[in-house]
Amino acid sequence: MAKRSNLFVLGGLLVALLLAGVVSNFASAHPDGLDSSLREGCVFDADDTIVGGSCPAQQAREHELADSPLADYGVRGVDNEYLSTGLSGVVGVLLTFTVGGGLFWLLRRRSDGGVARSAASGDDADPTPGGADVSATADGRR
Amino acid sequence: MDTLAMHISNGIINGPVAAVFAAFALAVLALCVVRGRQDLDERLAPMAGLVAAFIFAVQMLNFPIFTGAVSGHLLGGALATMLVGPWVGTLCVAVVLIVQALVFGDGGVAMLGLNITNMAVIGTAVAYPLVALLLRLLPRTVSGLAATAVVASVVSVLAAAMGFVVQYWLGGTTDLGSGLVGLAGTMAGVHLLIGVGEGLITATTVVTVAKVRPDLVYALRGRRIVTPDTPQVPAAGGAR
């Protein structure tokens, strides 16, 4: 069971890598809902610089980490735009999975020291109180 | 190349209001850690990591909104709450926003509390009761699950957008006067459409997971979706 869950997570991770690494290059480049609402009232030139009018977006200031090597979803030093976006997406997915997954793993509930370990390797003991429901669901599935 | 800003940028909301929301977000995240630990077992922990990574990936996929030169992207609150529950789900979206702000220069670091409040806290808090309610009311079928995802997504995205409007009312750096109503209208209109897109993505994802591994869908715990060849079993408990 634990092994099958790990397979599922691995499969899901591959899908996420594909989306962030490849599909991201086909994303719309238009400003998103928030950004476009804040730009209402201003006039922009071809370089996306405000040339007239007044709008909330005028007050926007530089990001603290605008110099980050991955700022704006690109990899600094990689000139090919597709490669740059795709690589930043791959790094982002792996980083988010590592940070998030690591944090959640550290926070996970260990009912008592020994059980947690054996459940992780063998999955023969189910320490969760609601475990009956969960495994009934899993068993009924084909 | 223009900068890609998907979340609140620095300078949009003033410092004091940003600081208040940072404190609020921190308090809520602490509560989520405490409550989320009840849910986090050996199986949910890697799943929650995957949900965070998946939301990061899909947030990169801005989809066009047909009204004009505007795009939208997933926020993820409804998706996270359906897959891993409200407490861990809030933490998932927060992790994404923190990585985006600290590594990808998206959403000001000083604005992190505001962005976490809107997308992680409001987005999830609004979606969860709706999901729990709709899963009780609607038939336990694929369409029932999909409809739940769509409705929860639309409402949660709208609520997150209105969260921003309230923040702007409290501490917006441009005095809009009565123009605030206009901003609220624009935000609501565009986010209604974004919510539909979010709903389609959430429904597709949740239904796919429910078909492959129904036991990994938090919102379905104790029940499963009915397909013609599945024998009926009495539902125990339901969404918590």
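Quantities reported herein were computed from a predicted structural model and do not represent experimental measurements. Letters A, B, ... mirror the listed sequences (proteins, then strands); counts begin at 1.
Rounding to the nearest 0.5 angstrom, the gap separating the OG1 atom in B:Thr186 from the CG atom in A:Leu38 is 10.0 Å. Between the NE2 atom in A:His30 and the CG atom in B:Asn62 there is a gap of 10.5 Å [rounded to 0.5 Å]. In this structure, B:Arg213 CZ and A:Ser5 OG are separated by 4.0 Å, a value rounded to the nearest 0.5 Å.
Heavy-atom distances place the side chain of B:Leu216, and not its backbone, under 4.5 Å from chain A. Heavy atoms closer than 4.5 Å to chain A are found in both the backbone and the side chain of B:Phe54. For B:Ile8, the parts lying under 4.5 angstrom from a heavy atom of chain A are both the backbone and the side chain. Neither the backbone nor the side chain of A:Ser54 comes within less than 4.5 Å of any heavy atom of chain B. When heavy atoms are compared at a cutoff of 4.5 Å, B:Leu91 approaches chain A by way of both its backbone and its side chain. In this structure, chain B has a heavy atom under 4.5 Å from the side chain of A:Leu103, while its backbone stays farther away. Heavy atoms of A:Val15 lying under 4.5 Å from chain B belong exclusively to its side chain. For A:Ala66, no part lies under 4.5 angstrom from a heavy atom of chain B. For a residue to count as touching a neighbouring chain, one of its non-hydrogen atoms must lie under 4.5 Å from one of that chain's; by this rule A:Ser24 touches chain B with backbone and side chain alike. No part of B:Ala161 comes within reach of chain A, as not one of its non-hydrogen atoms sits under 4.5 angstrom from that chain. Within the 4.5 angstrom heavy-atom criterion, atoms from both the backbone and the side chain of B:Leu102 approach chain A. Contacts between B:Val88 and chain A at a heavy-atom distance below 4.5 Å involve backbone atoms as well as side-chain atoms. Of the two parts of A:Glu64, the backbone and the side chain both hold a non-hydrogen atom closer than 4.5 Å to a non-hydrogen atom of chain B.
Of the residues considered (B:Ile194, B:Val96, B:Leu183, B:Leu61), B:Leu61 shows the highest number of contacts with chain A, using heavy-atom pairs under 4.5 Å. Across A:Gly100, A:Ser28, A:Ala57, the residue that shares the most heavy-atom pairs under 4.5 angstrom with chain B is A:Ser28. Among A:Cys55, A:Pro69, A:Ala20, the residue making the largest number of heavy-atom pairs under 4.5 Å with chain B is A:Ala20. The candidate with the highest count of non-hydrogen atom pairs below 4.5 Å against chain B, out of A:Asp67, A:Leu70, A:Val23, is A:Leu70. With respect to chain B, the highest number of heavy-atom pairs below 4.5 Å among A:Leu34, A:Leu106, A:Val99, A:Leu19 belongs to A:Leu34. Among B:Ala57, B:Gly72, B:Gly179, the residue making the largest number of heavy-atom pairs under 4.5 Å with chain A is B:Ala57.
Heavy-atom minimum distance, A:Pro56 versus B:Ile12: O-CD1, 3.6 Å. Contact record, A:Pro31 with B:Ala69: CD-O, 3.7 Å, taken as the closest heavy-atom pair. Closest non-hydrogen pair, A:Phe104 versus B:Gly49, comes out as CD1-N, 3.8 Å. Residues A:Gly33 and B:Met187 share a closest heavy-atom pair of O-SD, 4.2 Å. Across every non-hydrogen atom of B:Ala53 and A:Leu13, the tightest pair is CB-CD1, 4.1 Å. Shown here for A:Ser36 and B:Val70, the closest heavy-atom pair between the two residues is OG-CG1, 3.4 Å.
Contact annotation: the side chain of A:Gln59 never approaches that of B:Ser9 to less than 4.5 Å [non-hydrogen atoms, C-beta and beyond]. Counting only heavy atoms from C-beta outward, the side chains of A:Asp72 and B:Asp106 never approach each other to under 4.5 Å. Proximity of A:Arg108 to B:Arg37: side-chain heavy atoms (C-beta onward) are nowhere separated by under 4.5 Å.
Counting non-hydrogen atoms of other residues, nucleotides and ligands closer than 6.0 Å to CG of B:Asp175 gives a total of 12 or fewer.
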Quiz item: So B:Val109 and A:His63, side-chain contact (heavy atoms from CB on, under 4.5 Å) or not? Walk me through it.
Solution: CA-CA 7 Å; B:Val109 177; A:His63 194 280; 3.7 Å; yes

Step by step, would you call A:Phe8 with B:Val209 a side-chain contact (heavy atoms from CB on, under 4.5 Å)? CA-CA 9 Å; A:Phe8 179 88; B:Val209 179; 3.7 Å; yes

With side-chain contact (heavy atoms from CB on, under 4.5 Å) as the test, would you mind laying out the steps for B:Leu40 and A:Arg109 before giving the verdict? CA-CA 6 Å; B:Leu40 272 173; A:Arg109 179 168 43 85; 5.5 Å; no

**Message:** Under the criterion side-chain contact (heavy atoms from CB on, under 4.5 Å), I'd like the reasoning laid out for B:Met60 against A:Ser88: C-alpha separation, chi angles, the key distance, then a yes or no.
**Reply:** CA-CA 10 Å; B:Met60 283 184 79; A:Ser88 79; 4.1 Å; yes

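A:Thr96 pairs with exactly one of B:Val99, B:Ile55, B:Val103 by the side chain to side chain contact (heavy atoms under 4.5 Å, CB included) rule, that one being B:Val99.
Using modelled atom types and a 3.5 Å distance limit, the side chains of B:Asn10 and A:Glu62 yield no donor-acceptor pair.
Taking the six-membered ring for Trp and thresholds of 30 and 60 degrees, A:Tyr73 and B:Phe104 have nearly parallel ring planes, at less than 30 degrees apart.
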